[in-house]
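Presented below is the structure to which this report refers.
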Amino acid sequence: MSDHDMTATLDTQISQNLEAVRQQIQTAEEKANRPHGSVNLLAVSKTKPISAIKTAIDCGQTHFGENYVQEGVEKIKYFREISPQHPLCWHFIGPIQSNKTKPIAEHFDWVHSIDRLKIAERLSHQRPASTSPLQVLIQVNTSQEESKSGVSIEEAEQLCQQVSQLPNLELRGLMSIPSATQDPHMQRQAFLQLSDLYQSLKKNYPSFDTLSMGMSADMNAAVDMGSTMVRIGTAIFGARG
Ligand SMILES: *Cc1c(COP(=O)(O)O)cnc(C)c1O
């Protein structure tokens, strides 16, 4: 195949995948007796080229998730330059080192991975006054594995309290990455814990409207347990190299 044909084939694949993922979300919403459109789709484009993102945009996708600061910022700048009018929304979903907060605060619209006050304070301080507040989620670790990032369920309330005071951040809810498991029962258990925590915090935080949980392998369980935003990479863009 020529390079051109190869690109055309990939484009077709991405648009078909995107359609299938939208259908899967809709079916999961129906099964859970949730209104159509109650789950937002975040397309996770990390490691994928600009061309793949363009294809998704052509299919109507507007929310994109990135894990790596430099790569994400380059993509954001590129799309702001070529189509400043296009309302794309960029979510930072990866681990955050404190020396990398500035470009995140300056370029992204959302951050899902707030797991300590210091990071939140830096992001608030570095958010330019000319832009709207950074929309943030607290990352919660329900699996209690030492290696995973995120606060424990017990710590979440205090961090929400602190983050909600920061001037240039708007606290929108919670995010979680449960440990990878194929077992639907285990998937549902982890999501249920997060969902319970979200519902109880929501009483104190009226700005809470986002529960970010569910990836390619576990989106059905996540939607069933009340996710309002699934973060889907592989099922849209294919496996990452
Ligand atoms: C990579 C990534 C995803 C997407 O995972 P897939 O399994 O490819 O859908 C979602 N959330 C986070 C935080 C990720 O790092």
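These numbers come from a predicted model, not from an experiment. All heavy atoms count here, side chains included; hydrogens, waters and symmetry mates do not. Read the numbers this way: they start at 1 and go in the same order the structure lists the ligands and their atoms.
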Q) How are the rings of Y198 and F208 set to each other: parallel, tilted or perpendicular (split at 30° and 60°)? A) parallel
Q.
Holding to side-chain hydrogen bond (donor to acceptor under 3.5 Å, both in side chains), I want the full list of residues that pass it with R127, two or more places apart in sequence or in another chain.
A. none
Can you pull out the closest protein heavy atom to [atom]? Residue, atom name and distance to 0.1 Å, please.
atom	answer
atom 9 (O) of ligand 1	S216 OG, 2.5 Å
atom 2 (C) of ligand 1	K46 NZ, 2.6 Å
atom 12 (C) of ligand 1	I93 CD1, 3.5 Å
atom 11 (N) of ligand 1	R231 NE, 2.8 Å
atom 10 (C) of ligand 1	M215 SD, 3.2 Å

**Q.** ligand 1-proximal atoms of T234, by part, heavy-atom distance under 4.0 Å
**A.** both
Q.
Heavy-atom pairs closer than 4.0 Å: do any link ligand 1 to the side chain of H112, the backbone, both, or neither?
A. neither
Q. Below 4.0 angstrom, N of the basic side chain to O of the carboxylate: do D224 and K31 qualify?
A. no
Q: Could you tell me whether E170 atom CD has more than 12 heavy atoms of other residues or ligands within 6.0 Å of it?
A: yes
(Q) Quick check on the 6.0 Å ring-centre criterion: do W90 and F64 meet it? (A) yes
